[in-house]
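Each chain gets a letter, A, B and so on, in the order the sequences are listed, and its residues count up from 1. Excluded from the calculations below are hydrogen atoms, water molecules and symmetry mates; all remaining heavy atoms, backbone and side chain alike, are included. Note that the coordinates shown come from a computational prediction; the quantities given were computed from them, not determined experimentally.
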Protein chains: 2
Amino acid sequence: MRASERAYASLRDDILEWRLLPGTVLGEVEQAAQLGISRTPLREALARLTADGLVEALPGRGLVVTDTSVESVVELFEVREALESRAAALAAQRRDPAVFEALREEFRASDALLADPTRHAYYDLVRRFDEAMDEAVGNSYLVSTLASLRTHIARVRRLAHDNPDRLAAAAAEHLLIVDAVVAGDSDLARSATVVHLHRSLNNILDTAESGRLTPSIDRTA
Amino acid sequence: MRASERAYASLRDDILEWRLLPGTVLGEVEQAAQLGISRTPLREALARLTADGLVEALPGRGLVVTDTSVESVVELFEVREALESRAAALAAQRRDPAVFEALREEFRASDALLADPTRHAYYDLVRRFDEAMDEAVGNSYLVSTLASLRTHIARVRRLAHDNPDRLAAAAAEHLLIVDAVVAGDSDLARSATVVHLHRSLNNILDTAESGRLTPSIDRTA
DNA sequence: GAGCTACGTTCTGTATACAGAGGGCGAGAG
DNA sequence: CTCTCGCCCTCTGTATACAGAACGTAGCTC
């Protein structure tokens with residue numbers, strides 16, 4: 001694999017997993033030495049991270065890992081709702097029924113997946129659900145925009161605690177979306193997606209380690 | 001200005017203005033020589049263009065300017081509608097009325113702007129309208145996503161012919177959106193935006209130089 | 001004591017040199 | 001005549017060297 005690719009994957013992972021905390025300064029020489037590569041491929045990796053919005057150039061301080069705030073999570077879900085609700089509606093119109101019928105069976109049996117404490121199989125199912133939706137929508141701009149948003153969602157998700165009740169509820173929400181897509185019901189698919197995202201956001205805001213999200217500034221003062 | 005920045009701006013402009021046509025191969029050595037810089041900053045520029053979706057890496061052929069098709073324009077507007085209709089609704093809730101009252105006066109007087117054959121003043125007004133909407137929404141993810149879409153819109157727009165009738169109609173459509181935003185009417189702002197985008201898309205599809213957009217493959221055959 | 005200036009250090013931005021991979025073309029064999 | 005194998009050439013990916021700018025610091029002056 002290319003050195004720049006490894007550096008990108010490694011740094012991206014470190015940021016998404018909160019090993020590199022917001023505000024961390026990423027010096028070129030230091031990081032290049034750490035990863036055992038030269039500055040050239042590292043710069044390419046940092047440029048990609050900057051484009052992703054995981055890193056930003058702060059004048060005077062160099063490149064730093066971007067901050068996450070309660071506001072930014074709300075903003076993220078605002079865009080996510082606009083795009084995913086539309087995606088769900090389009091998927092309901094354009095889907096291959098067989099694909100979503102298969103997913104329906106899997107979500108119906110997701111209790112078993114959630115019994116596993118690691119829940120890898122469940123998260124993999126959700127990933128394949130996202131992929132199937134992307135495929136069904138068949139819109140490359142929408143897919144790449146959602147991919148970009150999912151990067152940030154992944155970072156924030158790591159702060160939230162998915163308790164068993166929430167996971168069971170989320171599985172039921174996904175099942176409803178899949179049902180609607182199978183039925184070709186755009187309106188229901190859209191509404192079910194909106195519901196799912198609202199509950200998901202609330203769960204994140206309720207359970208996120210509040211110390212990690214820089215608190216909102218009370219503008220009513 | 002940095003050499004990489006100049007290279008990026010120059011190449012981006014060449015692509016948006018159709019001086020670099022879809023399918024053009026961008027060799028690093030050749031382009032670097034052309035721009036009078038070394039490969040290092042050029043590579044950075046090409047990486048940014050790739051992230052923008054204006055350039056893509058085709059295995060075996062190197063980096064080429066991305067294609068534009070009728071389908072891709074339709075896809076573009078699908079995403080645009082999802083995001084801008086939501087943006088308009090949010091702007092109607094969050095706007096500073098004074099800003100949009102000022103814009104309303106300008107759009108009311110846009111006949112005069114459209115009399116100018118260059119129409120620079122009119123396009124500048126539309127740009128400031130977009131900026132005011134972005135500002136009112138106050139969602140950085142939404143703004144940066146829209147910025148990315150606008151890049152592609154700019155490229156496609158260059159193919160379309162804005163006849164005076166269409167421009168006058170577009171001004172009226174903008175005025176309706178602004179009216180709704182001033183009134184704080186989210187539903188109307190959303191609907192007016194949907195209408196505007198549909199008409200705008202139709203105008204592009206009707207008037208675009210068809211040779212430039214690779215024709216859709218008739219899958220009904 | 002405080003402020004300004006000058007120097008040094010460190011960082012980013014750019015150029016260049018080098019290595020490895022991949023593709024194209026030509027020659028030879030079937 | 002065509003297909004295949006091999007070599008060469010070009011291109012990308014990486015390392016390194018160099019230049020200029022910016023920040024901090026220390027010393028001098030007022």
Side-chain angles (χ1 to χ4, degrees), chain A residues 1-16 19-67 140 144 147-148 151, chain B residues 1-16 19-67 140 144 147-148 151:
Chain A
M1 192 190 282
R2 286 178 300 176
S4 64
E5 187 70 23
R6 268 187 296 125
Y8 172 73
S10 168
L11 288 171
R12 187 176 187 277
D13 231 52
D14 284 348
I15 295 172
L16 294 186
R19 289 187 292 268
L20 282 173
L21 300 178
T24 307
V25 176
L26 298 176
E28 293 181 6
V29 185
E30 176 197 354
Q31 293 297 321
Q34 186 119 1
L35 292 162
I37 60 177
S38 77
R39 283 179 53 223
T40 308
L42 180 79
R43 279 175 66 92
E44 190 177 317
L46 291 174
R48 288 179 63 185
L49 292 168
T50 304
D52 288 344
L54 293 175
V55 159
E56 65 185 337
L58 258 60
R61 271 204 292 165
L63 292 175
V64 301
V65 177
T66 51
D67 202 8
S140 58
S144 66
S148 162
T151 298
Chain B
M1 191 191 280
R2 285 179 300 175
S4 64
E5 187 70 22
R6 267 186 297 123
Y8 172 72
S10 168
L11 289 171
R12 186 178 188 277
D13 231 52
D14 284 347
I15 294 171
L16 295 186
R19 288 187 292 268
L20 282 174
L21 300 178
T24 307
V25 176
L26 299 177
E28 292 182 4
V29 184
E30 177 198 353
Q31 293 298 321
Q34 187 119 0
L35 292 162
I37 61 177
S38 76
R39 283 178 53 220
T40 309
L42 180 78
R43 280 175 64 93
E44 190 177 318
L46 291 175
R48 288 179 64 186
L49 292 169
T50 304
D52 288 344
L54 293 175
V55 160
E56 65 185 336
L58 258 59
R61 271 204 293 165
L63 291 175
V64 302
V65 177
T66 51
D67 200 10
S140 57
S144 66
S148 161
T151 298

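Here the P atom of nucleotide D/dC11 and the CG atom of B/Leu42 are 13 Å apart, to the nearest Å. With rounding to whole Å, A/Leu46 atom CG is found 11 Å from C/dG13 atom P. One can place OH of B/Tyr8 at 19 Å from C1' of C/dG13, the figure rounded to the nearest angstrom. At whole-Å resolution of the value, CZ in B/Arg6 and C1' in C/dT14 are 11 Å apart. Separating the CD atom of A/Glu44 from the C1' atom of D/dG13 is a distance of 9 Å, rounded to the nearest angstrom. Atoms CZ (B/Arg61) and P (C/dG24) sit 11 Å apart, rounded to a whole Å. Rounded to a whole Å, the CE atom of A/Met1 is 14 Å from the P atom of D/dG13.
Of the possible polar contacts, none joining the A/Ser4 side chain to the A/Ala45 backbone as a donor-acceptor pair under 3.5 Å is found.
B/Leu35 pairs by the side-chain contact (heavy atoms from CB on, under 4.5 Å) definition with B/Ala7, B/Ser10, B/Leu11, B/Ile37, B/Leu42, not counting sequence neighbours. With sequence neighbours left out, B/Ser140 forms a side-chain hydrogen bond (donor to acceptor under 3.5 Å, both in side chains) with A/Glu75. Residues passing the side-chain hydrogen bond (donor to acceptor under 3.5 Å, both in side chains) test with A/Ser148: none are found, sequence neighbours excluded. For B/Asp14, the side-chain hydrogen bond (donor to acceptor under 3.5 Å, both in side chains) partners two or more places apart in sequence, or in a different chain, are B/Arg19.
The shortest distance between the side-chain N/O atoms of B/Ser4 and the OP1/OP2 oxygens of C/dT14 is below 4.0 Å.
For D/dT16, the base has a donor-acceptor partner in the side chain of A/Thr40 [N/O atoms by modelled type, under 3.5 angstrom].
The existence of a salt bridge linking B/Glu56 and B/Arg61 is excluded, since no basic side-chain nitrogen approaches an acidic carboxylate oxygen closer than 4.0 Å. With salt bridges taken as basic N to acidic carboxylate O contacts below 4.0 Å, one links A/Arg48 and A/Glu5.
At a threshold of 4.5 Å between non-hydrogen side-chain atoms, the residues B/Leu58 and B/Val25 do not count as touching.
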request  = Assign a letter to each nucleotide of nucleotides 5-10 of chain D from its 5' end: B, base within under 4.0 Å of a protein heavy atom; S, sugar-phosphate only; -, no contact.
outcome  = ------

Dump the pairs, protein N or O against N or O of nucleotides 5-12 of chain C, anything under 3.5 Å, distances to one decimal.
none

inquiry  = For B/Ile15 and B/Thr24: C-alpha separation, side-chain torsions, deciding distance, then whether side chain to side chain contact (heavy atoms under 4.5 Å, CB included) applies.
reply    = CA-CA 10 Å; B/Ile15 294 171; B/Thr24 307; over 6 Å; no

